[in-house]
Amino acid sequence: MRSDVSAFRQKIVVRPGTSVLEASRKAGVAIRTRCGGKAACLMCKVYAKAGDGLSPVQDNERRKLAGLADEGMRLACQARVVGQAEIGLPEDPLRAAVRRQLARQAEDDLW
């Protein structure tokens, strides 16, 4: 599940209640979003360990994420920092597509 997670290994201090999206901006880590943090575009998905210093998943976020919330996925605009938390970013979709294509080409080159 978590094989394609970017690890920036940055530590920052934020006020309790700060969204993960706001915290990422403070850290200089870009998390894509189109809706400005309104949970409408679903682009700001991040990985977090369950109970890892973030606010509980609310009903709206759970509905938007469907079953992904059970796998540790959160919306950065909805998850609030309430303690020490470790966040992972999924691989950028374009980079993932390029990586898969390069892997296919390398496989084809073997034959």
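For the atom pair Ser19 OG and Arg74 CZ, the distance stands at 11.0 Å (nearest 0.5 Å). Distance NZ/Lys45 to CD1/Ile31: 13.0 Å, rounded to 0.5 Å. Here the CG atom belonging to Leu21 is positioned 10.0 Å from the CG atom belonging to Leu75, to the nearest 0.5 angstrom. Put simply, CZ on Arg100 and CD on Glu91 are 7.5 Å apart, with the number rounded to the nearest 0.5 Å. With values rounded to the nearest 0.5 angstrom, Gln58 atom CD is found 10.5 Å from Arg63 atom CZ. Taking SG from Cys77 and CD from Glu61, the interatomic distance works out to 7.5 Å, rounded to the nearest 0.5 Å.
Panel note: side chain Lys64, backbone Ala39; a donor-acceptor pair is recorded below 3.5 Å. Under the 3.5 Å distance criterion, the side-chain polar atoms of Glu86 are left unmatched by any main-chain donor or acceptor of Ala48.
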Quick one: do Arg80 and Thr18 satisfy side chain to side chain contact (heavy atoms under 4.5 Å, CB included)? Show the steps, please. CA-CA 5 Å; Arg80 304 266 172 204; Thr18 303; 5.8 Å; no

Verify side chain to side chain contact (heavy atoms under 4.5 Å, CB included) between Arg62 and Asp70, making sure each step is shown before the conclusion. CA-CA 9 Å; Arg62 186 173 303 286; Asp70 297 331; 3.5 Å; yes

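Heavy atoms from other residues, nucleotides or ligands lying under 6.0 Å from CZ of Arg34 number 12 at most.
Closest approach of Met73 and Leu65 over heavy atoms only: O-CD1, 3.3 Å. In this structure, Ala79 and Leu54 approach most closely via the heavy-atom pair CB-CD1, 4.2 Å.
No continuous path of hydrophobic side-chain contacts links Leu68 to Val57 [ILVMFWY only; heavy atoms under 4.5 Å]. By the rule that hydrophobic residues join a cluster once side-chain heavy atoms approach within less than 4.5 Å of another member, Ile12 and Leu89 end up as members of one cluster.
Between Cys41 and Thr33 there is a side-chain heavy-atom pair separated by less than 4.5 Å.
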